[in-house]
Amino acid sequence: MNIGIAGTGRMGSAIAARLIGLGHALTVWNRSPEKTKAAVAAGAALAASPSELATRAEVIITILTNAAAIDAVYYGEQGLLAGEVKGKLFIEMSTVRPETERALAEWVAKKHAQLVECPVGGTVGPAKEGKLFGLVGAEPQALERAQPLLAQLCRRIEHVGPVGAGAAMKLAINLPLIVFWQAFGEAVSLTKPLGMDPARLIEIFSDTSGAATVLKNRGAAVAKALAGEDTGPAAFDLDAMRKDLRTMLEEADSLGLELPTAARVLDVFDHAAHAGHGGIDGVRIPAWVSGQA
Ligand SMILES: NC(=O)c1ccc[n+]([C@@H]2O[C@H](COP(=O)([O-])OP(=O)(O)OC[C@H]3O[C@@H](n4cnc5c(N)ncnc54)[C@H](OP(=O)(O)O)[C@@H]3O)[C@@H](O)[C@H]2O)c1
């Protein structure tokens, strides 16, 4: 099957590596061409525009920053929907608002193609290993078509409703995750007078109800950050978390809801970003919050 990926950022590149590793024929496109180099070196073909990519591929995957990126990549003059897309399948994996996905599904249907919305839980590592958690919003028949490919990318696929439902679930899941990084940093501050070894602190926390699952998965990296060690390139950074928090707050506003904790964490993260910390990974946030970075 010829698969296209429009958007080879961190997640798109990891998914590309996974699909090439499984032997799929892949075509890639990215706004900044240098980010396609790794996929092309691994065997992917390069498309000159999103429309060319959509014309070449049978299934098109997108995983992009936000609604503005979706606008540019799908609806632009040389966008995906300007290609020959009749009968094709789009799998949209970005973390955006439900209305963005619903509007896109309508446009895709007008072009006689199908859309499966599948935002994902899990970061670059799980994406490379095919161990994402796919939160699908789709018509059952469209999902049936996407299922074999999604099964190669995800350890678990949950069909949570029609298009838009996946986005709602993804935003909801990221709220406690993002707040946790800030809360855990505050908790670490309280333990500073104990002078405890970071690895031991993480190990104790991870065996209690005070820890989120992410600490069990990423605890070793958090301990490294607390010890002042390098944790490698950022996968889910503070700027991406700010984007998610803003998206949650916009969504809550449209539903007549308030999210006071998310709003407060966004304030704190905005200050951090303005002080030059927007690129730090989540695993470094506790060290930064507790003054150990
Ligand atoms: N990183 C994670 O751990 C993670 C996990 C789950 C879900 N997600 C979600 O997955 C999506 C991608 O995340 P990522 O970490 O891969 O981000 P990233 O590395 O910053 O990549 C973002 C991608 O969007 C493209 N893009 C942004 N604005 C654009 C525009 N106006 N026109 C065309 N292309 C545009 C970028 O192109 P350029 O290279 O040209 O900028 C790049 O391909 C986001 O919605 C994020 O919330 C991320």
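- For the pair Phe90 and Val85, the minimum side-chain heavy-atom distance is below 4.5 Å.
- The two atoms that bring Gly164 and Pro98 nearest to each other are O-CB, 3.4 Å, heavy atoms only.
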Step by step, work out the side-chain contact (heavy atoms from CB on, under 4.5 Å) result for Ile70 and Thr62.
CA-CA 8 Å; Ile70 288 181; Thr62 52; 5.8 Å; no
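- By the 6.0 Å contact criterion, CD on Gln78 is open, its count of non-hydrogen atoms from other residues, nucleotides or ligands being 12 or less.
- Under a hydrophobic clustering in which Ile, Leu, Val, Met, Phe, Trp and Tyr are joined whenever their side-chain heavy atoms come within less than 4.5 Å, directly or via other members, Ile63 and Val40 fall into the same cluster.
- Using a 4.0 Å cut-off between a side-chain N of Lys or Arg and a carboxylate O of Asp or Glu, Glu52 and Arg56 qualify as a salt bridge.
- Rounding to the nearest 0.5 Å gives a distance of 7.5 Å between CH2 of Trp181 and CD1 of Ile285.
- Residues Leu249 and Leu177 are members of one and the same hydrophobic cluster, defined by side-chain heavy-atom contacts under 4.5 angstrom among Ile, Leu, Val, Met, Phe, Trp and Tyr.
- Proximity of Gln147 to Ile157: side-chain heavy atoms (C-beta onward) are separated by under 4.5 Å at one or more points.
- Side chains of Val136 and Glu158 form no contact here, defined as non-hydrogen atoms less than 4.5 Å apart.
- To the nearest 0.5 Å, the span separating CG on Leu115 from OH on Tyr74 amounts to 6.0 Å.
- Looking only at distances, a side-chain donor or acceptor of Glu117 sits under 3.5 Å from a matching main-chain atom of Gly166.
- Across all non-hydrogen atoms, the minimal contact from Gly185 to Val289 is C-CG1, 3.6 Å.
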Test Val179 against Phe184 for side-chain contact (heavy atoms from CB on, under 4.5 Å), laying out the working first.
CA-CA 8 Å; Val179 165; Phe184 186 62; over 6 Å; no
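- One hydrophobic cluster holds both Val108 and Val73 under the rule that ILVMFWY side chains link at heavy-atom gaps under 4.5 Å.
- Between Leu89 and Ala142, the shortest heavy-atom distance links the atoms CD1-O, 4.3 Å.
- Residues Pro119 and Met169 fail the side-chain proximity criterion, which asks for heavy atoms closer than 4.5 Å.
- No side-chain donor-acceptor contact under 3.5 Å links Ser290 to the backbone of Ser189.
- At a threshold of 4.5 Å between side-chain heavy atoms, the hydrophobic network of Ile, Leu, Val, Met, Phe, Trp and Tyr places Met1 and Leu143 in one connected group.
- Although no hydrogens or angles enter the test, the distance criterion places a donor-acceptor pair under 3.5 Å between the side chain of Lys88 and the main chain of Thr55.
- To the nearest 0.5 angstrom, Cys154 atom SG is 8.5 Å from Leu135 atom CG.
- Atom CD of Glu250 has more than 12 heavy atoms from other residues, nucleotides or ligands within 6.0 Å.
- In Gln292, the CD atom is crowded: over 12 heavy atoms of neighbouring residues, nucleotides or ligands sit closer than 6.0 Å.
- Classified by interplanar angle (parallel below 30°, tilted 30° to 60°, perpendicular above 60°), the ring pair Trp288/His277 is tilted.
- Looking at Ile15 and Lys128, their side chains never come closer than 4.5 Å, going by heavy atoms from C-beta outward.
- A continuous path of ILVMFWY side-chain contacts below 4.5 Å connects Leu171 to Ile178, so both sit in one hydrophobic cluster.
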Under the criterion side-chain contact (heavy atoms from CB on, under 4.5 Å), I'd like the reasoning laid out for Leu153 against Leu19: C-alpha separation, chi angles, the key distance, then a yes or no.
CA-CA 8 Å; Leu153 300 176; Leu19 293 176; 3.7 Å; yes
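- There is no side-chain donor-acceptor pair under 3.5 Å between Gln152 and Arg18.
- The side-chain heavy atoms of Val265 and Phe180, taken from C-beta on, include no pair separated by under 4.5 Å.
- With rounding to the nearest 0.5 angstrom, the CG atom of Leu266 is 12.5 Å from the OG1 atom of Thr261.
- Ion pair Arg10/Asp237 flagged as a salt bridge, since at least one NZ, NE, NH1 or NH2 atom sits closer than 4.0 Å to an Asp/Glu carboxylate oxygen.
- When side chains are defined from C-beta on, Thr247 does not count as touching Asn174, because their heavy atoms never get closer than 4.5 Å.
- Contact between Ala287 and Leu226 at its shortest, heavy atoms only, is CA-CD2, 3.6 Å.
- Looking at Thr8, its side chain never comes within 3.5 Å of a backbone N or O of Asn30 through a donor-acceptor pair.
- The main-chain N or O of Ser94 is found under 3.5 Å from a side-chain atom of Glu92 such that the two form a donor-acceptor pair.
- To the nearest 0.5 Å, the span separating CG on Leu149 from CD1 on Ile3 amounts to 4.5 Å.
- The side-chain heavy atoms of Glu101 and Leu104, taken from C-beta on, include a pair separated by under 4.5 Å.
- The line from OG of Ser49 to CZ of Arg31 is 15.5 Å long, rounded to the nearest 0.5 Å.
- For the pair Lys224 and Asp230, the salt-bridge criterion is not met [side-chain N within less than 4.0 Å of a carboxylate O].
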Walk me through whether Arg218 and Thr123 qualify under side-chain hydrogen bond (donor to acceptor under 3.5 Å, both in side chains).
CA-CA 11 Å; Arg218 307 296 312 280; Thr123 185; 5.4 Å; no
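- Proximity of a side-chain donor or acceptor of Lys243 to a complementary backbone N or O of Thr65 within less than 3.5 Å is detected.
- Salt bridge status for Asp281 with Arg284: absent, with no side-chain N to carboxylate O gap under 4.0 Å.
- Taking every heavy atom of both residues into account, Ala54 and Leu80 meet most closely at CB-O, 3.4 Å.
- The backbone N or O of Ala138 lies less than 3.5 Å from a partner atom in the side chain of His159, making a donor-acceptor pair.
- Dense packing is recorded around CD of Glu229, with more than 12 heavy atoms of other residues, nucleotides or ligands lying under 6.0 Å away.
- Put simply, the side chain of Ser32 never gets that close to the backbone of Glu34: no donor and acceptor are under 3.5 Å apart.
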Working note: Ile173 + Phe133, criterion side-chain contact (heavy atoms from CB on, under 4.5 Å); need CA distance, chi angles, decisive distance, verdict.
CA-CA 11 Å; Ile173 289 165; Phe133 190 138; over 6 Å; no
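- For the pair Leu46 and Thr27, the tightest heavy-atom approach, listed with the atom from each and the gap, is C-CG2, 4.3 Å.
- Salt bridge annotation for Glu84-Lys86: absent, with no cationic side-chain nitrogen under 4.0 angstrom from a carboxylate oxygen.
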